[in-house]
Amino acid sequence: MQTRLALALVALLCLCSTVSLAVDRNNFKKCDQSSFCARNRNLEPGNSHFTVVSSSVAFKDGQLTADILNTRDNVVLTLQVSGIANSIFRVKVNEKAPRKPRYEVKDVLLELRETPLEQDAAAAQGANVITIRQGKHAAVLTLAPFRLDVVTDDRVIVTLNGRGLMNFEHLRDRTENEQAGAWEETFKTWTDSKPNGPESIGLDISFPGVKHVFGIPEHASPTALKPTKGDGISSDPYRLFNLDVFEYELDNPMALYGSIPFMVAHAATHSTGVFWMNAAETWIDVSNAQGPVGQDATGTLGRLANLVKSGLKSDSSEPRVDTHWISEAGIIDLFILTGPRVPSIFRQYSQLTGVPALPPMFSIAYHQCRWNYNDEDDVANVDAGFDANDIPYDVLWLDIEHTDGKKYLTWDAKKFPDSKRMQDRLASKGHKMVTIVDPHIKREANYWVHSEAEEQGLYVKKADGTSDYEGWCWPGSSSWIDFLRPSNRNWWSDLFSEDRYVGSTKNLFIWNDMNEPSVFNGPEITITKDAIHHGGWENRHVHNQYGFYQQMATADGLSRRTGYTERPFVLTRAFFAGSQRYGAIWTGDNTATWDHLIYSTKMLLTMNLAGLPFAGADVGGFFGNPDAELLTRWYQVGAFQPFFRGHAHIDTKRREPWLFGEAVMTNIRTAIRARYSFLPYWYTLFHNAAVKGMPIMRPLWMEYPSDESTFAMDDQFLVGRDILVKPVTSAGATTVNVYFPGDQPWYNVETGTRHSAPATQTIPAPLERLPVFQRGGSIVPRKMRVRRSTALMTADPFTLYVALDQSKSASGTLYLDDGHSFSYTEGAYLFRQFTFANQVLTSTAGVTGGVASRPDLHKTSEWVERVVVYGYRSQPTSVTFQEGKEAPRSLNFVFDAALSQLTIKKPGVNIAHDWTITIA
């Protein structure tokens with residue numbers, strides 16, 4: 001009993017220190033406090049001591065295999081280079097005869113389609129170089145020392161081990177002269193036993209010809225990754241290790257809640273990606289350099305010159321980004337995505353780890369949350385407040401206080417005596433509810449979830465491999481479900497059936513928080529690294545996949561409860577590569593400051609670039625109390641971010657939109673209504689992401705890849721390719737400078753004002769308005785009628801906003817399905833193509849990816865109410881409408897010469913039909 005009380009005090013002290021103050025960095029390691037990071041980072045560039053054994057090289061079934069000899073200790077590794085369809089190279093390095101298997105990441109990759117590589121004997125120069133090809137791409141293997149260059153067109157795009165920093169610590173017996181921290185390591189009061197000893201891996205990866213790299217979330221840092229080493233820079237590397245960090249610092253490479261080891265390098269000439277598939281703690285150095293890679297670079301380029309007719313460029317002033325990847329355990333399993341253009345990178349990455357799931361329509365609308373809505377009366381009053389103030393919302397959330405003593409999948413019987421009735425009342429107006437279900441299970445004898453988990457042996461184990469791991473989290477003494485075991489995930493999925501989760505309905509969805517996992521009395525506020533998961537794997541091997549597996553099991557459970565007829569919605573805080581297949585994420589415990597508003601854009605752009613588009617930041621900031629101006633500006637920006645949720649800490653003042661006075665409420669209502677009006681466009685973008693893997697929230701360089709002025713720009717962004725957003729992020733601002741990219745005009749979506757490009761212009765930004773612009777050459781469908789929820793908008797008409805380009809043309813698309821089921825996978829959807837050219841607006845059935853459309857399976861009464869044409873400069877004499885072979889009929893219209901804007905009224909045609917509007 002005394003021990004438990006002591007642990008409780010430790011947990012409380014930990015929580016108090018983190019809730020009341022900014023993050024205590026002393027709770028989290030730096031590289032020099034992590035022995036494997038320090039060992040690898042202290043390696044000096046030079047010729048590598050790893051050499052490919054020439055006699056071992058084999059080429060079979062389209063793969064190259066060989067042995068790699070560590071010349072310092074004579075340990076032999078295996079090398080495998082293979083081709084994956086659509087111009088991807090995979091490079092694997094493992095021990096040839098390990099004392100025990102090394103962990104290889106599971107369940108992240110889709111079923112891969114390999115492409116046989118072809119050996120290019122003509123390109124080889126002597127016995128020290130072997131060239132293999134995949135179409136126009138080549139991988140050039142230098143044997144001694146080991147090095148791999150990937151070549152596309154006339155340039156090397158990626159070099160592995162060119163700086164000689166590769167390291168591979170083989171499994172071995174302990175010796176007397178091991179470095180400190182190799183076999184056990186102490187951080188503060190915790191000792192990591194390290195039963196396998198040192199087992200880290202490291203590799204330098206260089207990107208010739210580029211100045212900017214992106215990706216590797218999650219960090220509160222600029223979208224274009226800053227150098228961490230070189231030229232007098234003294235910074236820790238970027239760290240990937242899922243951790244619970246309260247009130248995280250900004251402009252900092254320290255680890256946060258999720259990890260995706262995917263990086264994109266971009267230059268005006270090409271784009272490249274690398275995916276380092278490793279779930280262990282990982283550190284990544286980034287440095288800027290110039291010229292060819294490595295001491296032997298000139299010779300290597302000479303040997304590579306005959307790969308192309310013109311020879312490879314070898315400019316000593318050419319920029320380069322060098323990166324150094326270091327993981328605590330596992331193997332080197334690296335995918336090189338050759339691009340060469342931006343869309344190709346995201347198609348290639350989604351081919352490996354999957355496209356984002358198509359979410360239900362309600363989930364991309366507005367969510368209202370706080371820690372905590374107190375009881376059923378509080379829920380009813382908040383719901384009534386939205387109605388009374390004519391503000392739409394779709395989802396109301398309940399945090400941990402709704403449970404019986406923080407036992408998940410239960411309800412506090414006094415506060416929520418009839419949870420089903422509460423959910424049904426919300427559902428009657430089209431609203432949903434989300435409750436929180438964390439992975440820590442309260443160790444209480446009469447708690448049914450714990451009893452089953454304990455009896456069935458479902459918990460993560462201590463280092464002894466037999467007794468349950470115990471730690472402290474919100475409920476007190478807790479244990480953690482071992483989601484690595486498939487049967488445990490199956491058990492977890494079954495918990496969400498209505499008969500198991502008593503008091504739930506099919507309108508209830510789930511929030512997985514604290515799943516790094518967060519352990520209040522653990523090292524770095526997480527689980528010990530020597531805890532044991534299914535298969536005997538230590539947490540150090542699988543740590544970054546824990547939240548990924550929980551979200552996977554939860555999403556499956558929500559689908560399973562409806563017989564896989566309804567799409568799930570699950571929000572997770574921890575994530576890994578592949579998490580995009582299971583739901584949404586958010587940026588964690590941010591703070592109500594202008595700087596955190598600024599960094600929300602940077603962080604969300606990075607997540608989108610790493611294949612995780614359904615992402616958002618807590619509107620208003622989780623900690624602290626925003627003033628009315630900051631809250632307004634945050635709502636305006638949040639309305640144009642993929643996941644849109646207001647959320648706040650339990651100690652903050654209530655901040656429902658109507659609590660700040662009529663003027664503030666009006667501005668917030670306008671922002672939320674803007675989100676609802678753009679939902680057809682958002683939903684089409686989510687469909688596009690689910691088919692092609694394309695980001696939804698995009699940095700400007702994605703659409704303007706040759707415009708170098710945009711490469712480090714992350715204070716404005718694109719939604720898809722057609723909407724440009726400039727956040728207002730400073731107190732008292734009434735104007736902002738907006739950069740308009742490209743060579744086509746941009747139109748203000750509120751006023752229709754035309755802006756030429758490329759140019760930077762000062763734009764009015766009064767508190768009631770966020771600068772948002774539509775690209776010339778686009779057609780954006782919107783719904784302009786105000787409803788209380790998306791469910792009540794399903795029959796509402798569309799307004800088509802046509803923004804003309806310089807040639808007086810435009811195009812756009814619209815994707816429609818029922819918004820909630822999986823029937824679209826059988827063709828029950830519509831995909832419409834709109835084009836404007838030669839004074840004629842046309843609507844036809846378009847072609848999109850996936851299963852072919854079956855319009856007969858998706859009937860809709862939605863219709864076209866209005867067409868607004870931006871950039872129309874002359875008074876029409878007539879506007880006529882024709883559907884199919886019917887006789888043309890005249891339409892009413894209004895022309896505004898001052899704005900060059902034409903409004904065509906009530907075509908009145910079903911959105912599923914083919915038709916034309918002709919302007920004369």
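Nothing fancy with the numbering, it's 1 onward along the sequence. Excluded from the calculations below are hydrogen atoms, water molecules and symmetry mates; all remaining heavy atoms, backbone and side chain alike, are included. What you are looking at is a predicted structure, and each value in this text was computed from that prediction instead of being measured.
- How far CG of L337 is from CD of Q351: 8.5 Å, rounded to the nearest 0.5 Å.
- Between S271 and V342, the shortest heavy-atom distance links the atoms OG-CG2, 3.5 Å.
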ask   = What do the steps show when you test D482 against K461 for salt bridge (charged side-chain N to carboxylate O under 4.0 Å, His left out), and what is the final call?
value = CA-CA 8 Å; D482 180 6; K461 304 303 179 185; over 6 Å; no

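- The shortest side-chain heavy-atom distance between F262 and I216 does not fall under the 4.5 Å cut-off.
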task = Evaluate the criterion side-chain contact (heavy atoms from CB on, under 4.5 Å) for residue pair V129 and V140; output intermediate values, then yes/no.
result = CA-CA 7 Å; V129 176; V140 182; 3.5 Å; yes

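- Between the CD1 atom in I205 and the OG1 atom in T323 there is a gap of 5.0 Å [rounded to 0.5 Å].
- With N167 contributing its side chain and I201 its backbone, the two residues share no donor-acceptor pair below 3.5 Å.
- Taking 4.5 Å as the limit, some side-chain heavy atom of E516 sits within range of a side-chain heavy atom of R573.
- Of the possible polar contacts, one joining the D204 side chain to the G162 backbone as a donor-acceptor pair under 3.5 Å is found.
- Of the possible polar contacts, none joining the S221 side chain to the N252 backbone as a donor-acceptor pair under 3.5 Å is found.
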request  = Apply salt bridge (charged side-chain N to carboxylate O under 4.0 Å, His left out) to E524 and R25, showing your working.
outcome  = CA-CA 10 Å; E524 301 194 271; R25 292 184 63 180; over 6 Å; no

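- Put simply, the side chain of R320 gets close to the backbone of Q290: a donor and an acceptor are under 3.5 Å apart.
- Shortest non-hydrogen contact noted between A144 and N128 is N-OD1, 3.0 Å.
- In this structure, the side chains of T51 and V53 stay at 4.5 Å or more apart for every pair of heavy atoms.
- Side-chain contact between V321 and H212 is absent, with no heavy atoms from C-beta onward closer than 4.5 Å.
- With values rounded to the nearest 0.5 angstrom, I132 atom CD1 is found 6.0 Å from F89 atom CZ.
- Judged by distance alone, the side chain of E328 and the main-chain N or O of H541 form no donor-acceptor pair under 3.5 Å.
- Under the 4.5 Å side-chain criterion, counting only non-hydrogen atoms from C-beta, T606 is in contact with P217.
- Between S193 atom OG and K462 atom NZ the span is 13.0 Å, to the nearest 0.5 Å.
- Between the CD atom of E281 and the CG atom of N278 there is a distance of 10.5 Å, given to the nearest 0.5 Å.
- With F36 as the aromatic partner, K194 does not meet the cation-pi criteria of under 6.0 angstrom to the ring centre and within 45 degrees of the ring axis.
- Just one residue in the list V93, N40, N161 forms a side-chain contact (heavy atoms from CB on, under 4.5 Å) with L203, and that residue is N161.
- In this structure, the side chain of E199 does not engage the main chain of L171 through any donor-acceptor pair within 3.5 Å.
- Note: T159 OG1 to D149 CG = 4.0 Å, rounded to the nearest 0.5 Å.
- Distance alone, capped at 3.5 Å, is enough to place a donor-acceptor pair between the D464 side chain and the S467 backbone.
- No side-chain donor-acceptor contact under 3.5 Å links S34 to the backbone of C31.
- Put simply, the side chain of F483 does not reach to within 4.5 Å of the side chain of H533, judged on heavy atoms.
- Remark: side-chain polar atoms of R163 are not paired, donor with acceptor, to backbone N or O of G294 under 3.5 angstrom.
- With hydrogens and angles ignored, the 3.5 Å screen pairs a side-chain donor or acceptor of Q580 with a backbone N or O of G354.
- With sequence neighbours excluded, the residues forming a salt bridge (charged side-chain N to carboxylate O under 4.0 Å, His left out) with D285 are R41, listed by chain and number.
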